[in-house]
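Working notes, beginning with the structure itself.
The structure presented is a predicted model; accordingly, all values stated were derived computationally and were not measured. Each ligand, and each atom within it, is numbered from 1 in the order the structure gives.
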Amino acid sequence: MTNKIAIIGFGNIANAIITPLLDKKLIQPENVYCVVNSEKSLENIKENYKYNINVYKSSSNDSKIIWDCQVKLLSVKPQHFNNISEANHIKKKDNLLVSILAGVSINKLSQKFPKHNCARVVTNIPITVGNGLTGIAWGENITNDQKQFTKKLFKYTSKIYEFSEDYLDIFLALTSSGPAIIALIIEALSDGGLSGGLPKKLSEELVMEMIIGTISLIKEKNLTTSELKNLVTSPGGTTISALRVLEKKSIRSALIESIISASNRSKEFN
Ligand SMILES: NC(=O)c1ccc[n+]([C@@H]2O[C@H](COP(=O)([O-])OP(=O)(O)OC[C@H]3O[C@@H](n4cnc5c(N)ncnc54)[C@H](OP(=O)(O)O)[C@@H]3O)[C@@H](O)[C@H]2O)c1
């Protein structure tokens with residue numbers, strides 16, 4: 001894919017992105033240069049990571065070498081963004097910087113990394129099991145090769161959507177906050193099963209299998225969600241009785257508002 005890649009912050013998400021590429025031999029371990037903040041993480045990667053990559057502590061002089069890589073993945077927590085600065089010694093312009101930081105705009109990235117063309121990426125936690133969703137917005141001057149490279153970073157672990165940056169907040173609300181909302185729904189429905197006398201584990205398993213089955217039915221039969229709802233809602237039956245309770249409690253409005261709220265919160269960070 002490329003000769004050398006630098007990873008600034010090698011935590012959970014960077015690991016989930018890079019390891020499959022190493023597994024597929026699309027990148028060679030000796031060409032991966034990563035930097036972490038603590039001695040603990042440094043030792044952990046050296047001792048336990050399955051590939052022998054180059055790893056440095058951010059405070060070390062040696063870590064400056066990462067700025068010589070033409071391609072960088074920025075994957076620190078947003079609160080550590082201010083601690084990262086582009087090295088003065090970079091001669092070449094138009095390097096590539098791919099950021100996965102929530103709420104850091106392309107404008108902020110371009111100001112902080114003037115010798116880089118920037119891509120802003122939003123990905124979600126299921127990327128850690130190769131089932132993620134990734135939204136990408138491109139900064140100015142990014143080349144076609146840089147776009148292709150960025151997409152290759154994510155395509156083995158997620159479905160990719162290219163957007164204007166304006167859509168990234170709502171994309172983040174749906175796809176990054178979404179897993180927590182779904183987890184809450186699973187938990188609440190399982191508690192319903194528990195209340196009806198089912199053991200907790202069984203109840204949770206039934207809910208998850210039901211959700212997987214429902215999604216595959218919608219997809220395979222190409223149904224709209226209303227069609228599916230009508231399919232299982234018979235006059236005076238159990239399902240309409242359940243739906244009536246949800247409508248009374250304004251669940252639909254609560255879910256809509258939850259997504260708008262997450263999106264607004266994301267906009268505040270930009
Ligand atoms: N977690 C999610 O669900 C999720 C989903 C999508 C996107 N994201 C985004 O992905 C980014 C990373 O999240 P994560 O969950 O992978 O975080 P994480 O596991 O905490 O990893 C952050 C990494 O950054 C390193 N770091 C901290 N300060 C640094 C510095 N000054 N220089 C170099 N490295 C530094 C940390 O090193 P130490 O371990 O030594 O401190 C650690 O390796 C975040 O910006 C987040 O917005 C997260």
Looking only at distances, please establish whether an N/O atom of ligand 1 is found under 3.5 Å from an N/O atom of Phe10. yes

Just wondering, are more than 12 heavy atoms of other shown residues or ligands nearer than 6.0 Å to CG in Asp191? yes

Looking only at distance, does Asn83 have an N or O less than 3.5 Å from an N or O of ligand 1? no

Identity and distance of the protein heavy atom lying nearest atom 2 (C) of ligand 1: Ile13 CD1, 3.8 Å

Return a yes/no value for Thr123: is any of its N or O atoms, backbone included, closer than 3.5 angstrom to an N or O of ligand 1? no

Please determine if Ala102 has a nitrogen or oxygen closer than 3.5 Å to a nitrogen or oxygen of ligand 1. yes

ILVMFWY network linking Ile5 to Tyr51, side-chain heavy atoms under 4.5 angstrom: yes

Polar atom proximity, Asn12 to ligand 1 (N or O, under 3.5 Å): yes

Taking the side chain as every heavy atom from C-beta outward, state whether Ile7 and Val35 have any atom pair closer than 4.5 Å. no

Is the ring pair Tyr161/Phe163 parallel, tilted or perpendicular, if the boundaries are 30 and 60 degrees? parallel

Check each atom of ligand 1 against the heavy atoms of Ile125 and keep those under 4.0 Å away; list them by number with element. 2 (C), 3 (O)

Which one holds for Ile84 and ligand 1: side chain close, backbone close, both close, or neither close, with close meaning a heavy atom under 4.0 Å? side chain

Ignoring angles and geometry beyond distance, decide whether Ser176 reaches within less than 3.5 Å of ligand 1 through its nitrogen or oxygen atoms. no

What I'd like to find out is whether the side chain of Pro126 reaches to under 4.5 Å of the side chain of Leu133, using heavy atoms alone. no

Side-chain donor-acceptor pair present, Asn37, Ser58, cut-off under 3.5 Å: yes

Protein heavy atom at shortest distance from atom 21 (O) of ligand 1: Gly11 CA, 3.2 Å

Looking only at side-chain N and O atoms, does Ser261 offer a donor or acceptor that is under 3.5 Å from a partner on Ser258? no

Is any side-chain heavy atom of His116 closer than 4.5 Å to one of Lys93? no

Among protein heavy atoms, which sits nearest to atom 9 (C) of ligand 1, and what does the distance come to when rounded to 0.1 Å? Ile100 O, 3.2 Å

Do Trp138 and Val71 sit in the same hydrophobic cluster, where Ile, Leu, Val, Met, Phe, Trp and Tyr count as joined when their side-chain heavy atoms come under 4.5 Å apart? yes

Taking only non-hydrogen atoms of Pro78 and a 4.0 Å limit, the atoms of ligand 1 in range are 44 (C), 45 (O), 47 (O)

Can you confirm, on distance only, whether ligand 1 has an N/O atom lying under 3.5 Å from any N/O atom belonging to Val76? yes

Tell me the protein heavy atom at minimum distance from atom 37 (O) of ligand 1, and give that distance in Å. Asn37 N, 3.1 Å

Side-chain donor-acceptor pair under 3.5 Å between Asp68 and Tyr33, yes or no? no

Which residue supplies the protein heavy atom nearest to atom 33 (C) of ligand 1, what is that atom called, and how far is it? Val35 O, 3.7 Å

Within 45° cone and under 6.0 Å: Lys112 NZ/CZ vs Phe81 ring: yes

heavy-atom search around atom 25 (C) of ligand 1 in the protein gives Gly9 CA, 3.6 Å

Heavy-atom pairs closer than 4.0 Å: do any link ligand 1 to the side chain of Ser75, the backbone, both, or neither? backbone

Assess, by modelled atom type and distance only, whether the side chains of Thr134 and Thr123 contain a donor and an acceptor separated by less than 3.5 Å. yes

For Ser38, take its heavy atoms, then give the atoms of ligand 1 lying under 4.0 Å from any of them. 38 (P), 40 (O)

If you have a sec, work out which protein heavy atom is nearest atom 39 (O) of ligand 1 and how many Å separate them, to one decimal? Ser41 OG, 2.6 Å

Which of the numbered atoms in ligand 1 are under 4.0 angstrom from any heavy atom belonging to Leu101? 45 (O)

Hey, what's the ring geometry for Phe113 with Trp67, parallel, tilted or perpendicular (30° and 60° as the breaks)? parallel

Which of the numbered atoms in ligand 1 are below 4.0 angstrom from a heavy atom of His80? 27 (C), 28 (N)

Under a 4.0 Å heavy-atom limit, does Lys77 contact ligand 1 with its side chain, its backbone, both, or neither? both

